[in-house]
Every structure is written in structure tokens, then in C-alpha cells.
Amino acid sequence: MSTEFVSTTVEQMEADTARLYETAQKVGIDTWQDRVKNQTPHCKFGDQGICCRICSMGPCRITPKAPKGICGATAATISGRNYLRHAAAGAATHSDHGRECVWKLYDSSADGYYHVTDSTKLLKLAAEWGVETEGRDIYDVAHEVAEIGLNEYGKIKGFQRWTNRATEERQQKWDAAGIRPRAVDREVVASMHMTHMGCTADHKEFVRQALRVGLSDGWGGSMAGTEMSDILYGTPMPRDTEGNLGVLDKDMVNIICHGHDPAVSEMIVQVAETREMQALAREQGAKGINIVGLCCTANEIAMRHGIKMAGNFLQQENALLTGVVEAICVDVQCIFPNIGPLSECFHTKFYTTSPIARIPFSTYLHLTSENAGEVAKQIVTEAIENFKNRDESKIFIPEHKHKATVGYSCEGIKSRLDTVTNSHLDDLDTYRPLIECVRSGVIRGAVAMVGCNNPKVRPDYSHIEIMKKLIENDIVIVATGCAAQAASKAGLLDKASKVLCGEGLRRVCTLADIPPVLHMGSCVDISRMMLLVTGIAKDWGIETTQLPVVGCAPEWMSEKAVSIANYVVATGIDTYLGIDPLVSGSEQMMDLITNGTTEWVGAGYHINTDPDQLVQEIIAGIEKKRELLGI
Ligand code: SF4
Ligand code: MSK
């Protein structure tokens with residue numbers, strides 16, 4: 001086996017994008033590059049978070065001449081209010097995705113479209129929640145667990161039961177700071193109420209509530225999404241796939257699944273694998289059916305089925321511009337409205353499936369638990385029949401792609417660690433081997449790389465360069481969302497990329513047979529990262545804030561990312577941002593989110609839009625944690 005590994009560079013990716021942009025110009029459609037030009041420079045009041053338009057006396061903007069809005073709101077109040085609204089919208093979005101997953105478990109049955117796949121995980125959760133399992137049908141257990149899970153969203157009293165999984169120390173901190181989350185719906189509504197005209201004006205309380213609503217997502221809605229998806233579709237374990245636009249296949253029927261909720265893509269994958277559909281594809285002159293994923297749906301189906309990943313957020317238009325996509329099927333979140341008019345310029349069929357994401361120029365097929373199989377069959381059939389309608393003159397598929405090993409859930413990580421454990425002497429199913437590597441300094445620490453890509457910076461450059469620098473410094477990476485996709489495009493999910501690591505991490509990658517960047521899943525799976533740091537802290541016997549572990553979102557863009565950043569910080573993990581969180585118009589707000597939250601939860605933000613400086617700050621932060629631990 002050749003050990004030669006060559007990473008695809010950002011320049012090569014940019015050349016592919018430039019070539020596809022030529023196609024866009026040829027067919028007469030705009031892409032994000034054009035729209036960025038049209039929108040630049042951005043409104044500086046919006047950029048700094050000091051524009052308020054929540055009542056019709058406004059909009060009000062803060063300037064040296066006008067330091068208050070008409071009601072008297074200051075820069076700190078306005079930017080704090082905007083910040084909390086972002087966090088609340090993000091928490092609502094993740095959590096509603098999670099709720100849909102719980103509903104699918106509630107609707108699951110032996111003879112329906114949705115089944116219990118990981119019964120061990122279900123029974124474990126049932127035991128955690130005190131649900132009787134002895135002698136019961138697995139679906140009776142599933143329905144009772146799902147009902148409890150659904151009630152968590154709107155329970156009238158008490159706190160999110162998922163928070164009981166955190167360390168004792170975290171739970172006490174949350175109680176002391178008054179941020180242990182109640183029901184998700186309650187926290188989102190409270191955030192909207194607080195930010196209505198004439199309610200809270202104290203910026204500190206906006207930040208406190210942002211931590212709380214974030215926690216209701218990370219230790220509530222997102223955790224529900226992850227757990228229920230694992231029970232329904234299987235807990236991910238390491239498996240091989242490929243990533244980047246080169247996974248599109250000229251000889252196959254290409255169907256893209258894009259969005260977040262795996263309820264749709266799981267069905268498409270199942271239907272496409274049937275003999276009936278494969279035969280139909282061959283009848284139409286194709287060699288078969290190539291399902292590929294985009295954004296977080298890619299992460300979901302890659303880690304459970306080895307489905308190939310076409311790329312991340314800013315790659316969605318590129319994928320259609322290849323001219324070989326017969327159908328793109330979306331569920332919710334991160335879908336460019338421009339997919340509608342863009343698909344009209346090609347033979348591509350565009351399907352929307354959720355009432356939450358209705359988009360012009362799409363065919364809307366509302367997918368439910370009862371019709372999921374038929375909807376998926378209709379989409380796959382129509383895609384196959386569309387194969388013959390390609391326009392050869394518009395086709396260009398970039399060749400770049402890399403091997404990728406994905407699916408490092410907490411269970412997947414422990415399964416790898418068990419392989420380097422002496423089973424006669426040591427306990428299995430723990431993080432101890434990893435802890436030993438960190439204590440001894442073979443691995444210096446870990447970084448959770450998360451978030452989107454964003455044209456405000458050079459897309460993917462920050463992700464890739466930061467990751468390369470970190471692994472070179474023996475810092476292992478866990479990645480989700482579009483950060484994981486960026487890693488896959490550069491080949492950093494390929495085990496062979498260990499050649500880019502420092503000596504210590506390279507040795508660990510060889511012994512445990514892992515890549516230096518561990519793919520942990522989609523955006524809701526950042527809840528897996530919370531359980532990972534909690535498990536490590538418990539096995540180590542220290543607090544989460546003491547771990548040489550940080551979060552990094554160098555190119556974040558969505559409101560979901562604001563919610564994520566809040567629950568990561570609230571879990572005691574310092575978070576490094578490469579995009580400004582839109583509050584720079586208020587010094588008080590900036591000081592609070594970078595320094596002030598440390599008093600409440602032991603962590604805060606570090607913000608630097610220069611990726612080279614950001615990575616140095618991360619390394620320094622990890623080394624500082626090591627020093628404090630005396631290791
Ligand atoms: Fe202006 Fe106050 Fe109304 Fe905001 S709430 S738009 S600052 S008057
Ligand atoms: S898909 S939220 S662009 S990571 Fe989860 Fe990517 Fe960000 Fe969407």
C-alpha cells in the first residue's frame with residue numbers, strides 16, 4: 001500500500017470553483033461570488049450589532065451623535081438583544097430538528113418506514129429515564145421514551161433531563177449562575193420576550209439567557225436529535241467513504257441529499273439500493289445510482305452508510321453547476337434559496353420535503369412518517385428518468401476527492417481506544433488510553449472544529465490551515481458540520497494524512513488506526529462532543545474547564561452557530577471564533593463575552609479574524625491548560 005499522501009490545496013479547490021463559475025456565467029445564473037460583490041461593503045451598523053428594528057419607532061442606529069435609540073436603548077442593550085435573538089433562533093432551529101427526530105421514534109413500528117435500529121442505545125436511554133423495559137415489546141419502550149422526549153420540549157416544571165448527564169461540577173455551576181435550561185420551548189419564548197421592546201435592557205442578562213437558551217439546545221434539543229437518530233438509523237461507527245466534488249459520477253444517476261434531518265435522506269438511500277431502482281437506472285443507460293450528500297445531511301448518511309460527501313455549505317451551488325445532478329432533495333436548514341433558479345438552468349429536479357423549508361422553483365413533496373417510502377420512491381424514480389435529459393455541453397466535474405474515514409461517535413472513539421487497551425489489565429469502554437496520551441504529552445490536547453464556511457473570510461482556508469497547524473503540533477481534532485467537510489476536501493479525514501502530524505499524534509494515529517481529524521457528525525452532533533468532554537473529565541477526575549480542550553469555529557455563519565458557541569462555553573470549553581459575533585459596536589458586550597462569562601462558567605470567547613494568529617492563540621490556550629494541570 002502506498003503511504004504517499006498529497007492534500008488537495010485551497011488553491012486547487014478555488015480553481016475548481018472558478019471553472020464552475022464559468023459555467024454559471026454561461027448559463028446566466030448568479031452565484032454567491034456575485035452576490036458577495038453586490039452586498040459589499042456590508043452595513044456597518046448591522047455588522048457591529050448596533051442597528052435595532054424591533055419596533056416601528058425605529059429602525060435606530062447608534063452613532064457618536066446618537067448614542068441611544070429613541071426609547072433610550074444603548075449600544076450594549078441593542079447589540080445584546082440582537083445577540084440573544086441569534087442564539088434563540090439557533091436553539092429553536094436545532095431543537096426543532098431534534099423534535100422531528102423524536103417524532104419519528106414516536107411513529108416507529110416494526111412494519112412502518114421508521115424502525116428501531118440500535119435497540120441497545122434505546123434500552124440504555126430507557127433505563128436512564130426510568131422507563132420499564134423488562135418483558136416489553138421494543139416499540140412500546142420506544143414510544144414511551146419518545147413521549148418523554150417530546151414532553152421535554154414543553155414541560156411546565158423543572159429542567160431539561162438531558163442536563164443530568166453533565167458532571168456534578170457543571171450542574172452546580174449552571175444552578176449557581178441561574179442558567180440550567182428549562183424546556184427548550186420555554187427558553188426560546190423567554191428569550192423572545194426578554195428582547196421585545198421595553199423588556200430587558202441589561203446586556204449581562206441577555207448574555208446569561210444566551211448561555212441558557214444555548215444549553216437548552218446542546219443539552220436538550222440537539223442531544224435529542226443525535227440520540228434519536230442513533231436509535232432509529234444506527235449509532236455511527238468508523239467507516240470509509242470519500243469527499244469533495246469528484247465524488248459525482250458522470251456515468252451514474254446522481255442524487256444529492258442536502259440539509260440536516262436524516263429522516264428524508266435515510267429513505268432515499270434505502271430506496272436507491274433496491275434492485276428495482278438499480279435495474280431502472282441501468283435501463284435508462286446509467287451504470288447505477290450515486291447518492292451523495294451536502295452539508296450536514298452528508299455527514300449523517302456518510303457516517304451511517306458510507307455515502308459519499310460532495311461538500312459543504314458554499315459548495316452547494318458548485319455541485320449543481322457540474323451539470324450531472326439529476327435531482328437535489330432537501331429537508332431543512334442551510335439551503336440557498338438560489339438552488340431554485342439555479343436548478344432551472346439545468347435538467348436538475350429540485351425537491352423540498354418539509355413545511356419548514358418551502359422554496360420557490362421546487363417540487364414540494366411533504367414527507368411524513370406514513371408516506372416516507374413513497375415520497376422517496378417518487379424522487380428516486382423521477383431522478384433516474386431524468387438521466388437522459390442532461391446537456392453534455394454544460395458538464396464539468398472537478399476531479400478532486402479524497403478517501404475519508406468517518407463516524408467517530410463517542411461509541412466509535414471508545415471502540416478504537418479499546419483496540420489499544422490491554423484487555424487483561426485495563427477496563428474497556430473508557431477514555432483512559434486517550435487521557436494517558438494527553439497526560440504524557442504524546443498528544444498535547446484536542447480541538448473541536450465546528451461550523452460553516454463563510455465568504456467573509458477565504459472559504460475553507462481558515463478551517464484547513466488551522467487544522468493542519470494543530471495536527472502538526474500534536475493536537476488531535478474532532479470535527480462536525482461543514483468544518484468536517486472542509487477536512488474531508490483537504491484529505492484530513494484520510495488515515496494517510498497522519499504524515500502531516502507531529503511525531504506524537506502520528507504514532508497515536510498509527511496505533512489506533514485513526515485519521516488525525518475525527519469526524520463526529522453533523523451540527524446537532526456537537527452534543528456528542530459535549531458528552532465526549534464530559535466522559536473524559538469524569539474518567540480523568542477533573543473538571544471540563546481544566547481539560548486541554550477548546551472549541552473553534554473559524555468560519556461560522558448561522559444563528560445555530562451562536563447557540564452552539566453559547567452551550568460550548570457554558571460547558572466550560574473556551575471557544576475560538578474567526579468571525580466576529582456582530583456585537584463589536586458595544587465594548588461592554590465584547591468584554592462580557594470574552595472575559596465576563598468566565599466568572600459564571602469558567603470559559604469565554606477568543607476572537608481573531610486572522611487564522612494564522614487564531615491558531616497560535618489556540619495552541620497557547622491549550623499549553624496554558626496543560627501548565628495549570630501540571631502536565
Ligand atoms: Fe429604536 Fe428602541 Fe424601537 Fe429599538 S426598541 S427600534 S432602539 S425605539
Ligand atoms: S450545515 S449550520 S453551514 S456547519 Fe450543519 Fe454547515 Fe453551518 Fe449549515
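For ligands, and for the atoms within them, numbers begin at 1 and follow the listed sequence.
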> Near atom 7 (Fe) of ligand 2, is there an N/O/S atom from Cys482 that is less than 2.8 Å away?
Replying inline: no
>> Distance check, rounded to the nearest 0.5 Å: Leu582 atom CG versus Cys51 atom SG?
In response: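 It comes to 11.5 Å.
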State whether [X] and [Y] are salt-bridged, where the test is any N-O pair (Lys NZ or Arg NE/NH1/NH2 against Asp/Glu carboxylate O) under 4.0 Å.
X	Y	result
Arg458	Glu11	yes
Arg99	Asp96	yes
Asp30	Arg35	yes

> Take atom NZ in Lys456; do more than 12 heavy atoms of anything else shown fall under 6.0 Å from it?
Replying inline: yes
If we set the cut-off at 4.0 Å for heavy atoms, which region of [X] has an atom near ligand 2: side chain, backbone, both, or neither?
X	answer
Gln333	neither
His260	side chain
Cys334	side chain

>> In this structure, does ligand 1 have an atom that sits under 4.0 Å from one of the heavy atoms of Lys68?
In response: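 Judged by the 4.0 Å heavy-atom criterion, Lys68 does not count as contacting ligand 1.
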> Does Arg61 use its side chain to pair, donor to acceptor, with the backbone of Ile50 at less than 3.5 Å?
Replying inline: no
> Which protein heavy atom lies closest to atom 7 (Fe) of ligand 2, and at what distance to 0.1 Å?
Replying inline: Cys452 SG, 2.4 Å
> side-chain hydrogen bond (donor to acceptor under 3.5 Å, both in side chains) with Asn244: which of His402, Gln12, Gln485, Gln315?
Replying inline: Gln315
> Do Leu493 and Thr405 come within less than 4.5 Å of each other through their side chains, counting heavy atoms only?
Replying inline: no
>> I'd like to verify the contacts: list protein N, O or S atoms under a distance of 2.8 Å from atom 2 (Fe) of ligand 1.
In response: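 Near atom 2 (Fe) of ligand 1, below 2.8 Å, one finds Cys71 SG.
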>> Check the orientation of Tyr233 and Tyr114. Use parallel for under 30°, tilted for 30 to 60°, and perpendicular for over 60°.
In response: perpendicular
